[in-house]
Amino acid sequence: AIIMSSSWKASALRCALHEGVLNDGHEGVSSISDDRPLAMIYNLGYFHRLIKDAREAFRGAGEEDDRFLHTMAAKSNPVASFLHEAKIGGLGIECASIGELSLALSSGLPSSMIVFDSPAKTRAELILALEKGVYINLDNLEELKRVEEILKARPEIASSSSLRVGLRLNPQIGAGRLEELSTATLTSKFGIPTLQYHDAILHAYRDHPWLSGVHVHVGSQGCPLDLIAQGINKGLHYVELINQAHPGRIQYFDMGGGLPVNFGDDSDTPSFKEYADFLRKHCPTLFTGKFKVITEFGRAYNAKPGIVVSRVEYTKDAGGRGIAVIHAGADLFVRTIYLPEKWPLRISVYDRDGKEKEMPSTAAGPEEWDIAGPCCFSGDIVAHKRKLPPICSGDYVMVHDTGAYYFSSFSHYNVRLTPPIYGYRENDRSQDGKTLIVMKKGESVDEAAAFFS
C-alpha cells in the first residue's frame, strides 16, 4: 500500500478560507452570488502521481510504454478541465455515451487514444465514431450487424486504416461484493454472454475480418483481484482461439478498469504496482507485447485526490443525537445517500479557522452525529450516527475520497446548484498568487433554473 499524507487536505482547506473560496456567509456577504458555502477540491499533484504510478507499474523498468494505452473512464470525472489534465498525464479517454465522446473529441486527444463503449449506441452515434476513427467496443451481436451494414454502405470507412472495432465479451464468472457494479454476472446487461454464444463469437471474427479487438470487464469497486484476473484470462482465451484461426487478427485487448479504491483511510491499496504485479503473475499474456492492452481506470485515478468541504449551516440536538446540516447531500452524494452501507464516506470536522477538531476527553454535547444534507427528504443523511467532535454552526465538514463519480452523477433534485471545483497544487502558486485554481465554476441560480425551463 502507498500512503499519501493527509496534511494536504488541511492545507487546501486553509487556502480555500484564505483565498475566499469558502466563507462564513456573514461578513461581507450581501448577495447569493457572494455566498460560498461549498467547494470540491482536487489535489492535482496527487492525481498526476497516480497516473505516473499506473504507467510505471504496467510498463516495468526499462520497458516501452507503447504496449499499453491507459485511458481514464470519463464517467468518473467528465469535467473538461480534468480531461485536459488526464491528457497532460498521457491518458486517453474511455467514453460511455455520446456526450462523453463529444467531450473527449473536443479535448484535442487524437482519435487513437479514445475508446467508445456503451450498450445503447444509436446508428448515428456509431457512424460518428467510425468516421472519427475512435476505438469502438461493440456490446452485442445486433450492434455488430448494424456496424456491418454501415460499413457496407460506407466503403471509405471500411477501408480506412483507422478502423478499430472489438467485441465486448461477458465472461459470466459471477459478481463481486457490489452486484450493481459487477458486469460479468450470468445475466449482466453488458457484453456477449460467452457461455451461450461461444460459437457465435468465433464465427463473428471469422465473418468480419475488420474485427480486431476483444474487451472484457468484470467490474470495479467490490471486485477482488482474483475475480478480475479470472475474467481477463477468459478474454485472453478467446484472443488465443481467434488468433489461432486468424493469425495476428487481435491487435487490441481492452481489460477495462477494475482496480478497487480503499475508502477506509488515506492509503492507496491495492496500489497500481500491486495490481500490475498480480496480473503479471496470473495473466502474463498481457505483458507479452503480442497486442496493445487498453485499460479504463476511473475511480482509481480520481477518488482519493478529491474532497468536498461544506460549511455547517445549522446544528441541533434531536433526541440526544447531534444534527449538523451541510450544503451537500443527495444532490452530490447520490450513491452514499441511497446505498449508505455500500458507499460510506469518511468525515472530518474543522473549525471556522481551518483547524481540525478532535474528540474531547470528556463528553460535551451529543456523542453521535448525523451529517444531514440540504435536500427535502428525511433520508438525506451523508453520515449516520457517527462519533464526531462537537460541531458548531460555521464549522466545516470535509468529506473524503469524493473525486470520482459524485460530481458526474449530480442530481438537480430541489433545483440544487452544482458546486464549484478547484484544483490544488501543493507549493505551487499561480500568477495571481493563489494556490487554488478554478477547474469549473459553480452553477448560478439562473443556470440551475434554466435546466428546468
Side-chain angles (χ1 to χ4, degrees), residues 13 16-17 20-27 29-41 79 306-319 321-340 343-352 354 357 366 368-386 388-422 440-453:
L13 172 55
L17 295 174
V21 167
L22 294 164
N23 61 35
D24 62 9
H26 296 290
E27 185 177 351
V29 176
S30 58
S31 68
I32 291 174
S33 61
D34 294 330
D35 198 10
R36 293 168 188 160
L38 178 68
M40 300 187 75
I41 302 174
V79 175
I307 56 175
V308 170
V309 183
S310 172
R311 185 175 72 216
V312 176
E313 199 64 39
Y314 300 107
T315 64
K316 68 178 77 171
D317 184 317
R321 185 182 305 164
I323 309 290
V325 180
I326 65 171
H327 291 273
D331 50 354
L332 186 56
F333 306 124
V334 174
R335 294 184 181 192
T336 295
I337 298 302
Y338 291 103
L339 294 169
W343 296 99
L345 291 169
R346 290 183 293 138
I347 301 292
S348 297
V349 182
Y350 292 78
D351 67 20
R352 63 185 59 227
K357 288 189 166 184
E368 291 184 334
W369 287 84
D370 283 357
I371 305 300
C375 293
C376 191
F377 73 102
S378 295
D380 187 18
I381 305 295
V382 180
H384 184 63
K385 294 180 66 175
R386 296 284 181 90
L388 294 169
I391 306 175
C392 306
S393 298
D395 285 346
Y396 292 92
V397 164
M398 180 182 293
V399 189
H400 300 261
D401 305 331
T402 48
Y405 290 97
Y406 284 106
F407 187 84
S408 61
S409 57
F410 187 86
S411 168
H412 275 97
Y413 176 68
N414 282 158
V415 197
R416 296 290 303 167
L417 315 183
T418 58
I421 307 176
Y422 294 87
K440 189 179 191 309
K441 292 182 178 180
E443 197 170 28
S444 70
V445 173
D446 288 343
E447 288 169 336
F451 181 84
F452 292 95
S453 298

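Remember, predicted model here, so these are calculated numbers, not experimental data. We're numbering straight along the sequence, starting at 1.
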Seminar exercise, completed: What one should report as the nearest heavy-atom pair of Tyr406 and Val334 is CD2-N, 4.4 Å
Exercise. How far does CG of Leu332 sit from OG of Ser411, to the nearest 0.5 angstrom?
Worked result: 10.5 Å
For this session: First locate atom CD1 of Ile381, then atom CD1 of Ile371, and finally report the distance between them rounded to the nearest 0.5 Å.
Result: 9.0 Å
For this session: State, with a plain yes or no, whether a side-chain heavy atom of Pro420 is found less than 4.5 Å away from one of Val21.
Result: no
Exercise. When the ring planes of Phe410 and Phe407 are compared, do they come out parallel, tilted or perpendicular, using 30° and 60° as the limits?
Worked result: tilted
Exercise. In terms of the angle between their ring planes, are Tyr338 and Phe377 parallel, tilted or perpendicular, with boundaries placed at 30° and 60°?
Worked result: parallel
Exercise. Mind checking whether Ile347 and Val399 have side chains closer than 4.5 Å, heavy atoms only?
Worked result: yes
For this session: Evaluate the side-chain contact (heavy atoms from CB on, under 4.5 Å) criterion for residues Leu22 and Leu13: first the C-alpha distance (whole Å), next the side-chain angles of each, then the deciding distance (0.1 Å), finally the verdict.
Result: CA-CA 9 Å; Leu22 294 164; Leu13 172 55; 3.7 Å; yes
Exercise. Residues two or more places apart in sequence or in another chain: which of them pass side chain to side chain donor-acceptor pair (under 3.5 Å) with Asp35?
Worked result: Arg311
Exercise. Under 4.5 Å between any side-chain heavy atoms of Arg36 and His327, yes or no?
Worked result: no
For this session: Check whether any side-chain heavy atom of Lys441 sits under 4.5 Å from a side-chain heavy atom of Glu447, and report yes or no.
Result: no
For this session: Locate the shortest heavy-atom distance separating Leu417 from Ser444; write the atom from each residue and the value.
Result: CD2-O, 3.7 Å
Problem set entry | Crowding at OH, Tyr413 (>12 non-hydrogen neighbours, <6.0 Å) | yes
Exercise. Which heavy atom in Gly373 sits nearest to a heavy atom in Val325, and how many Å separate them?
Worked result: O-CG1, 4.3 Å
For this session: Enter the distance from Glu443:CD to Asp446:CG here, rounded to the nearest 0.5 Å.
Result: 10.5 Å
Exercise. So, for Asn414 and Cys375, which heavy atoms are closest and what is the spacing to 0.1 Å?
Worked result: OD1-CA, 3.3 Å
Exercise. Just by distance, do the side chain of Ser310 and the backbone of Leu38 share a donor-acceptor pair under 3.5 Å?
Worked result: no
Exercise. Taking only residues at least two apart or on different chains, which pairs with a member in residues 393-412 satisfy salt bridge (Lys or Arg N to Asp or Glu O under 4.0 Å)?
Worked result: Lys304-Asp401, Arg346-Asp401, Lys357-Asp395
Seminar exercise, completed: Rounded to the nearest 0.5 Å, the OH atom of Tyr396 sits from the CG atom of Asp24 at a distance of 6.0 Å
Exercise. What heavy-atom pair brings Arg416 and Ala448 nearest, and what distance separates the two atoms?
Worked result: O-CB, 4.2 Å
Problem set entry | Side-chain touch Trp369/Pro389, heavy atoms, less than 4.5 angstrom | no
Seminar exercise, completed: Rounding to 0.5 Å, atoms CD1 (Ile421) and CD1 (Ile41) come to a distance of 11.0 Å
For this session: Could you tell me which non-hydrogen atom of Asp380 sits nearest to which non-hydrogen atom of Pro374, and how far apart they are?
Result: OD2-N, 3.1 Å
For this session: Measure the shortest side-chain to side-chain distance between Val308 and Phe333 over non-hydrogen atoms and say whether it is less than 4.5 angstrom.
Result: yes
Exercise. Short question: side chain of Asp370, backbone of Ala372 - any donor-acceptor pair under 3.5 Å?
Worked result: no
Exercise. Do Ile337 and Val382 come within less than 4.5 Å of each other through their side chains, counting heavy atoms only?
Worked result: yes
For this session: To the nearest 0.5 Å, tell me how far Asn23 CG sits from Arg352 CZ.
Result: 11.5 Å
